[in-house]
Visitor: 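Next up is a structure, given as structure tokens.
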Amino acid sequence: MHRSTTLPVLAAAFAALLLSGSADAGERDRAVQPSSPQPVADALRTGGGTVSGTVAAVGANWMTIQDDSARTDVTVRGFLPAGIEPGAPITITGRVRKGGLMASEIILADGSLHRPPRDHDDD
């Protein structure tokens, strides 16, 4: 006897849709756990992700981070949060833009999460 797989597939798709939640403007303010960090070189090669490294240099709206695999500039819209200093450990989630990373989340060594403002062209 051949059992139809349509119903289980539809049920799984519906469950995934319910669990994913809605993508509205308020979702950006919800706390999210970044994905596991990957080497900086891998994030640059694949178009973005979450990286952990050490701050090498700091400006008003940029920093340079490095790990054992590579070094890259990280930019933000607006200003960097206070407390970012050369030598400090940091975790960045972002996407590759103009050869570096555009940060969407910054996690400082004390665990505080900062989300720089986004423009509509970054969606």
Visitor: What is the minimum heavy-atom distance between Thr72 and Val40, and which atoms define it?
Guide: CG2-CG1, 3.7 Å

Visitor: Locate the shortest heavy-atom distance separating Val76 from Pro116; write the atom from each residue and the value.
Guide: CG1-CG, 3.8 Å

Visitor: Kindly give the heavy-atom pair with the smallest separation between Ser69 and Pro39, and that separation in Å.
Guide: OG-CB, 3.5 Å

Visitor: Which heavy atom of Ala56 sits nearest a heavy atom of Arg71, and at what distance?
Guide: CB-NH2, 3.4 Å

Visitor: Please assess Met63 against Thr75 for the test side-chain contact (heavy atoms from CB on, under 4.5 Å), listing each intermediate value before the final yes or no.
Guide: CA-CA 7 Å; Met63 70 181 110; Thr75 56; over 6 Å; no

Visitor: Compare all side-chain heavy atoms of Ile92 with those of Thr50 and state whether any distance is below 4.5 angstrom.
Guide: no

Visitor: Provide the closest heavy-atom pair for Val96 versus Gly48 in the form atom of the first, atom of the second, distance.
Guide: CG2-N, 3.7 Å

Visitor: Which atoms form the tightest heavy-atom contact between Ile84 and Leu108, and what is the distance?
Guide: CG1-CD2, 3.5 Å

Visitor: Quick check on side chain to side chain contact (heavy atoms under 4.5 Å, CB included): which of Thr54, Ile106, Ile107 does Ile90 satisfy it with?
Guide: Ile106

Visitor: Set out, in order, the CA-CA distance, both residues' side-chain angles and the distance that settles side-chain contact (heavy atoms from CB on, under 4.5 Å) for Val55 and Glu85, then state yes or no.
Guide: CA-CA 7 Å; Val55 178; Glu85 298 177 1; over 6 Å; no

Visitor: Any chance the side chains of Thr93 and Ser104 put a donor and an acceptor closer than 3.5 Å?
Guide: no

Visitor: Evaluate Val51 against Asp67 for side-chain contact (heavy atoms from CB on, under 4.5 Å), listing each step before the verdict.
Guide: CA-CA 9 Å; Val51 297; Asp67 67 6; 5.5 Å; no

Visitor: Determine, using the 4.5 Å side-chain heavy-atom cutoff (strictly less than), whether Met102 and Leu44 are members of one ILVMFWY cluster.
Guide: no

Visitor: To the nearest 0.5 Å, what is the distance between CG (Leu80) and CG (Asn61)?
Guide: 6.5 Å

Visitor: With sequence neighbours excluded, what pairs up with Asp73 under the side chain to side chain donor-acceptor pair (under 3.5 Å) test?
Guide: Thr64

Visitor: Got more than 12 heavy atoms from elsewhere within 6.0 Å of CG, Asp68?
Guide: no

